[in-house]
Amino acid sequence: MILYEVTLDVEPSVSAEVEEHMRQHHIPAIFATGCFRRIRFQRASNGQFRTSYEAETPSQLERYLRDYAAGFRAEFLTEFPRGVRVSRETWDDVDTWD
């Protein structure tokens with residue numbers, strides 16, 4: 001499994017709007033691409049949000065990045081040109097304990 005994580009550091013003035021947009025529009029649209037098997041959206045108490053996108057294979061993540069990411073990033077930037085700092089990381093599962 002490949003985990004693609006996007007963290008948003010959000011200013012308080014736009015926090016509620018960002019959360020609503022992510023939950024109602026952005027994440028459902030990304031899920032509809034079929035590139036990810038699961039998406040988790042989390043909120044920290046300090047105005048941080050984290051979205052974890054789980055892809056079964058590297059090629060699924062590559063397809064998302066190649067075919068869809070630029071459009072989704074542009075759309076988000078249009079909605080929130082200020083007040084949000086975005087960071088992105090890709091993680092590979094190394095081991096799991098259950």
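Atom set for the values below is all heavy atoms of this structure, side chains included, hydrogens, waters and symmetry mates excluded.
For Pro28, the side-chain contact (heavy atoms from CB on, under 4.5 Å) criterion is met by no residue, not counting sequence neighbours. A search for side-chain contact (heavy atoms from CB on, under 4.5 Å) contacts involving Tyr68 returns Thr33, Cys35, Arg63, Tyr64, Phe72, not counting sequence neighbours. Every residue two or more places apart in sequence or in another chain was checked for a side-chain hydrogen bond (donor to acceptor under 3.5 Å, both in side chains) with Glu62, and none qualifies. Listed by chain and residue number, nothing satisfies the side-chain hydrogen bond (donor to acceptor under 3.5 Å, both in side chains) test with Thr90 (two or more places apart in sequence, or in another chain). Taking His25 as the reference, His21 meet the side-chain contact (heavy atoms from CB on, under 4.5 Å) condition, with sequence neighbours excluded. Listed by chain and number, the residues in a salt bridge (charged side-chain N to carboxylate O under 4.0 Å, His left out) with Arg40 amount to none (sequence neighbours excluded). Under the rule for a side-chain hydrogen bond (donor to acceptor under 3.5 Å, both in side chains), the partners of Glu19 that lie at least two apart in sequence or sit in another chain are Arg43. Asp93 is linked by a side-chain contact (heavy atoms from CB on, under 4.5 Å) to Met1, Thr96, counting only residues two or more places apart in sequence or in another chain. In this structure Arg88 satisfies the side-chain hydrogen bond (donor to acceptor under 3.5 Å, both in side chains) test with no other residue, sequence neighbours excluded.
Residues Phe41 and Ile39 are not in side-chain contact: their nearest non-hydrogen atoms beyond the backbone lie 4.5 Å or more apart. With contacts defined as side-chain heavy-atom distances shorter than 4.5 Å, the pair Val86/Thr7 does not qualify. Inter-residue side-chain proximity for Gln60 and Arg37 is flagged as unmet; no heavy-atom pair is nearer than 4.5 Å.
For Arg23, the CZ atom is loosely surrounded, since the number of other residues' heavy atoms within 6.0 Å does not exceed 12. Annotation: Glu75, atom CD; neighbour count of heavy atoms from other residues, nucleotides and ligands within 6.0 Å is above 12.
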After noting the C-alpha distance and the side-chain angles of Phe76 and His26, does the key distance pass the side-chain contact (heavy atoms from CB on, under 4.5 Å) rule?
CA-CA 8 Å; Phe76 186 85; His26 194 76; 4.1 Å; yes

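Under a hydrophobic-cluster definition in which Ile, Leu, Val, Met, Phe, Trp and Tyr are linked whenever side-chain heavy atoms come within less than 4.5 Å, directly or via other members, Ile27 and Leu77 are assigned to different clusters.
Hydrophobic clustering, defined by side-chain heavy atoms of Ile, Leu, Val, Met, Phe, Trp and Tyr closer than 4.5 Å, groups Trp91 together with Leu3.
Here the closest non-hydrogen pair linking Phe36 and Phe31 is O-CE1, 3.6 Å. The two residues Ile2 and Leu61 come nearest to each other via the heavy atoms CG2-CD2, 3.6 Å.
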Under 3.5 Å, sequence neighbours excluded: what are the donor-acceptor pairs made by side chains of residues 8-15?
residue : atom : partner : partner atom : Å
Asp9    : OD1  : Gln48   : NE2          : 2.8
Asp9    : OD2  : Arg85   : NH2          : 2.6

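Rounding to the nearest 0.5 Å places OH of Tyr53 at 10.5 Å from CD of Glu5.
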